[in-house]
Amino acid sequence: MIRAEVTDFALDRERIAAVRTHAGRIACTACVLAAGVFSCPLMAGLGLRVPLESERGCHIVFEADEGGPRAPVMIADGRFVATPMADGLRCARLVEFGGTAAGPSRAPLDFLRRQARAAFPALRAAGERTWMGHRPALSDSLPAIGEAGATGVFAAFGHHHVGLTGGPKTGRIVADMIAGARPNLDLAPCDPNRFAG
(Lines give C-alpha, C1' and ligand atoms only; values in the text may rest on other atoms or scores of the structure.)
Protein backbone atom coordinates (compact mmCIF):
# COMPACT_ATOMS: atom_id res chain seq x y z
CA MET A 1 0.00 0.00 0.00
CA ILE A 2 1.33 3.41 -0.96
CA ARG A 3 -0.04 6.60 0.58
CA ALA A 4 0.63 9.48 -1.78
CA GLU A 5 -1.16 12.41 -3.38
CA VAL A 6 -1.94 11.74 -7.04
CA THR A 7 -1.09 14.73 -9.23
CA ASP A 8 -1.58 13.48 -12.80
CA PHE A 9 -1.55 10.54 -15.20
CA ALA A 10 1.38 9.72 -17.47
CA LEU A 11 0.06 8.58 -20.84
CA ASP A 12 1.94 6.76 -23.58
CA ARG A 13 0.14 6.97 -26.95
CA GLU A 14 -2.99 8.04 -25.04
CA ARG A 15 -2.92 4.96 -22.75
CA ILE A 16 -2.12 5.04 -19.05
CA ALA A 17 1.53 4.22 -18.37
CA ALA A 18 1.82 5.51 -14.82
CA VAL A 19 0.16 7.50 -12.09
CA ARG A 20 2.17 10.55 -11.06
CA THR A 21 2.28 11.21 -7.32
CA HIS A 22 4.26 13.36 -4.92
CA ALA A 23 6.10 10.15 -3.99
CA GLY A 24 7.03 9.40 -7.61
CA ARG A 25 5.54 7.52 -10.55
CA ILE A 26 3.61 4.28 -10.15
CA ALA A 27 3.64 2.25 -13.36
CA CYS A 28 0.35 0.66 -14.41
CA THR A 29 -1.68 -0.46 -17.40
CA ALA A 30 -5.06 0.38 -15.83
CA CYS A 31 -6.14 2.79 -13.13
CA VAL A 32 -9.35 3.48 -11.21
CA LEU A 33 -10.15 7.09 -10.38
CA ALA A 34 -12.42 7.03 -7.33
CA ALA A 35 -11.47 10.31 -5.65
CA GLY A 36 -15.01 11.59 -5.16
CA VAL A 37 -15.34 15.34 -5.49
CA PHE A 38 -11.57 15.61 -5.99
CA SER A 39 -11.72 13.63 -9.27
CA CYS A 40 -12.38 16.69 -11.47
CA PRO A 41 -8.82 17.99 -12.01
CA LEU A 42 -7.55 14.53 -12.91
CA MET A 43 -10.37 13.98 -15.41
CA ALA A 44 -9.57 17.36 -16.99
CA GLY A 45 -6.09 16.01 -17.75
CA LEU A 46 -7.81 13.33 -19.84
CA GLY A 47 -9.83 15.90 -21.79
CA LEU A 48 -13.08 15.45 -19.85
CA ARG A 49 -14.62 18.56 -18.30
CA VAL A 50 -16.73 16.92 -15.63
CA PRO A 51 -19.43 19.19 -14.11
CA LEU A 52 -18.82 17.97 -10.56
CA GLU A 53 -19.61 20.02 -7.48
CA SER A 54 -19.31 19.40 -3.77
CA GLU A 55 -22.51 18.95 -1.83
CA ARG A 56 -21.28 19.89 1.61
CA GLY A 57 -23.09 17.92 4.28
CA CYS A 58 -22.94 17.93 8.06
CA HIS A 59 -24.19 16.08 11.07
CA ILE A 60 -24.09 16.25 14.85
CA VAL A 61 -24.04 13.24 17.13
CA PHE A 62 -25.56 14.08 20.51
CA GLU A 63 -23.55 11.59 22.53
CA ALA A 64 -25.19 9.35 25.16
CA ASP A 65 -28.45 11.18 24.56
CA GLU A 66 -31.65 11.12 26.58
CA GLY A 67 -35.00 12.55 25.55
CA GLY A 68 -34.56 11.98 21.83
CA PRO A 69 -36.51 9.66 19.54
CA ARG A 70 -36.08 5.89 19.81
CA ALA A 71 -36.60 5.29 16.07
CA PRO A 72 -35.33 7.16 12.99
CA VAL A 73 -37.46 10.16 12.11
CA MET A 74 -37.41 12.89 9.47
CA ILE A 75 -38.27 16.36 10.74
CA ALA A 76 -39.57 18.09 7.60
CA ASP A 77 -39.98 21.54 9.19
CA GLY A 78 -36.45 21.38 10.60
CA ARG A 79 -35.00 19.92 7.40
CA PHE A 80 -33.06 17.13 9.11
CA VAL A 81 -33.14 13.43 9.92
CA ALA A 82 -32.60 12.09 13.43
CA THR A 83 -31.29 8.55 13.80
CA PRO A 84 -30.69 6.87 17.18
CA MET A 85 -27.32 5.07 17.14
CA ALA A 86 -25.28 3.13 19.69
CA ASP A 87 -23.19 6.18 20.65
CA GLY A 88 -25.96 8.78 20.53
CA LEU A 89 -28.52 10.58 18.41
CA ARG A 90 -27.20 11.46 14.94
CA CYS A 91 -28.89 14.46 13.35
CA ALA A 92 -28.05 15.12 9.70
CA ARG A 93 -29.32 18.06 7.68
CA LEU A 94 -29.68 19.05 4.07
CA VAL A 95 -26.62 19.92 2.04
CA GLU A 96 -25.22 23.15 0.64
CA PHE A 97 -23.19 23.78 -2.49
CA GLY A 98 -19.98 25.32 -1.22
CA GLY A 99 -17.11 23.87 -3.19
CA THR A 100 -13.99 22.22 -1.85
CA ALA A 101 -11.94 25.39 -1.34
CA ALA A 102 -14.31 27.08 1.14
CA GLY A 103 -13.56 26.52 4.78
CA PRO A 104 -15.99 24.93 7.23
CA SER A 105 -19.16 26.87 7.83
CA ARG A 106 -20.50 27.00 11.38
CA ALA A 107 -23.93 28.25 10.27
CA PRO A 108 -25.25 24.83 9.10
CA LEU A 109 -24.21 23.19 12.38
CA ASP A 110 -25.73 26.03 14.42
CA PHE A 111 -28.95 25.73 12.39
CA LEU A 112 -29.05 21.97 12.91
CA ARG A 113 -28.43 22.33 16.64
CA ARG A 114 -31.33 24.82 16.98
CA GLN A 115 -33.69 22.63 14.92
CA ALA A 116 -32.82 19.50 16.93
CA ARG A 117 -33.44 21.33 20.22
CA ALA A 118 -36.78 22.66 18.90
CA ALA A 119 -37.91 19.21 17.72
CA PHE A 120 -36.77 17.41 20.87
CA PRO A 121 -37.06 19.87 23.81
CA ALA A 122 -36.22 17.15 26.34
CA LEU A 123 -32.98 16.21 24.53
CA ARG A 124 -29.96 15.93 26.83
CA ALA A 125 -26.51 14.77 25.80
CA ALA A 126 -23.16 14.07 27.45
CA GLY A 127 -21.40 15.83 24.56
CA GLU A 128 -21.43 16.53 20.84
CA ARG A 129 -19.42 15.25 17.91
CA THR A 130 -19.70 17.13 14.61
CA TRP A 131 -18.80 16.22 11.02
CA MET A 132 -18.70 18.16 7.78
CA GLY A 133 -17.75 16.64 4.45
CA HIS A 134 -18.04 16.64 0.69
CA ARG A 135 -20.35 14.54 -1.45
CA PRO A 136 -19.55 14.37 -5.18
CA ALA A 137 -22.51 15.65 -7.20
CA LEU A 138 -22.60 15.54 -10.99
CA SER A 139 -24.95 17.97 -12.73
CA ASP A 140 -27.10 15.19 -14.25
CA SER A 141 -27.35 13.30 -10.92
CA LEU A 142 -25.71 10.17 -12.37
CA PRO A 143 -22.29 8.80 -11.36
CA ALA A 144 -19.35 8.50 -13.76
CA ILE A 145 -18.63 4.80 -14.25
CA GLY A 146 -16.42 3.47 -17.03
CA GLU A 147 -13.28 4.03 -19.06
CA ALA A 148 -12.28 7.55 -20.02
CA GLY A 149 -11.87 7.20 -23.77
CA ALA A 150 -9.45 4.35 -24.41
CA THR A 151 -6.96 5.53 -21.79
CA GLY A 152 -7.16 2.62 -19.35
CA VAL A 153 -8.31 5.09 -16.67
CA PHE A 154 -11.67 4.03 -15.26
CA ALA A 155 -13.96 6.52 -13.50
CA ALA A 156 -15.86 5.42 -10.41
CA PHE A 157 -17.20 8.54 -8.69
CA GLY A 158 -20.13 10.95 -8.42
CA HIS A 159 -22.60 8.93 -6.35
CA HIS A 160 -24.00 11.97 -4.52
CA HIS A 161 -25.39 10.75 -1.18
CA VAL A 162 -25.30 7.04 -1.92
CA GLY A 163 -21.57 6.35 -2.20
CA LEU A 164 -21.62 3.75 0.56
CA THR A 165 -24.44 1.97 -1.23
CA GLY A 166 -23.34 2.47 -4.85
CA GLY A 167 -19.60 2.19 -4.25
CA PRO A 168 -19.35 -1.60 -3.78
CA LYS A 169 -21.44 -2.34 -6.88
CA THR A 170 -19.47 0.24 -8.87
CA GLY A 171 -16.24 -1.39 -7.69
CA ARG A 172 -17.44 -4.78 -8.94
CA ILE A 173 -18.51 -3.32 -12.30
CA VAL A 174 -15.21 -1.50 -12.83
CA ALA A 175 -13.19 -4.57 -11.79
CA ASP A 176 -15.10 -6.59 -14.40
CA MET A 177 -14.48 -3.92 -17.05
CA ILE A 178 -10.74 -3.94 -16.36
CA ALA A 179 -10.74 -7.74 -16.56
CA GLY A 180 -12.49 -7.55 -19.94
CA ALA A 181 -15.90 -8.79 -18.80
CA ARG A 182 -18.95 -6.93 -20.09
CA PRO A 183 -21.39 -5.74 -17.42
CA ASN A 184 -24.90 -7.18 -17.64
CA LEU A 185 -26.50 -3.73 -17.49
CA ASP A 186 -26.56 -0.65 -19.70
CA LEU A 187 -23.99 1.81 -18.35
CA ALA A 188 -24.32 4.28 -21.25
CA PRO A 189 -26.04 6.89 -19.03
CA CYS A 190 -23.07 6.75 -16.62
CA ASP A 191 -20.34 6.83 -19.28
CA PRO A 192 -17.73 9.43 -18.25
CA ASN A 193 -17.20 10.27 -21.93
CA ARG A 194 -20.54 12.09 -21.92
CA PHE A 195 -18.48 15.05 -20.71
CA ALA A 196 -15.97 15.00 -23.59
CA GLY A 197 -15.51 18.09 -25.73
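Source: prediction; values computed, not measured.
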Donor-acceptor pair, distance only, cut-off 3.5 Å: does the side chain of [X] make one with the backbone of [Y]?
X: R117; Y: L123; answer: yes
X: H160; Y: L138; answer: yes
X: R15; Y: A150; answer: yes
X: D65; Y: A125; answer: no
X: E147; Y: G152; answer: yes

* Asked: Hey, which of V19, I178, L42 is the one that makes side chain to side chain contact (heavy atoms under 4.5 Å, CB included) with C31?
  ->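 Running side chain to side chain contact (heavy atoms under 4.5 Å, CB included) over V19, I178, L42 with C31 returns exactly one hit, V19.
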
Indicate the atoms forming the closest heavy-atom contact of [X] with [Y], along with that distance.
X: P136; Y: V37; result: CB-N, 3.5 Å
X: G146; Y: P192; result: O-CG, 3.4 Å
X: A156; Y: V174; result: CB-CG2, 4.1 Å
X: V50; Y: C40; result: O-SG, 3.0 Å
X: L89; Y: G68; result: CD2-CA, 4.4 Å
X: R135; Y: G57; result: NH1-CA, 3.1 Å

* To do: Verify side chain to side chain contact (heavy atoms under 4.5 Å, CB included) between R194 and L142, making sure each step is shown before the conclusion.
  => CA-CA 11 Å; R194 69 190 189 268; L142 296 171; 3.8 Å; yes

* Structure fact -> For residues 161-186, the salt bridge (charged side-chain N to carboxylate O under 4.0 Å, His left out) pairs (sequence neighbours left out) are none

Straight-line distance of [X] [atom1] to [Y] [atom2], nearest 0.5 Å:
X: R56; Y: H134; atom1: CZ; atom2: NE2; result: 6.5 Å
X: T170; Y: I145; atom1: OG1; atom2: CD1; result: 3.5 Å
X: F154; Y: I16; atom1: CZ; atom2: CD1; result: 11.0 Å
X: F195; Y: N193; atom1: CZ; atom2: CG; result: 10.0 Å

* So do the side chains of V73 and F120 get within less than 4.5 Å of each other, counting heavy atoms only? -> yes

* side-chain hydrogen bond (donor to acceptor under 3.5 Å, both in side chains) involving E66 - partner list, sequence neighbours excluded ->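 E66: no side-chain hydrogen bond (donor to acceptor under 3.5 Å, both in side chains) contacts found.
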
* Just do the side chain to side chain contact (heavy atoms under 4.5 Å, CB included) check on F9 and T151 with the steps written out, would you? => CA-CA 10 Å; F9 301 116; T151 62; over 6 Å; no

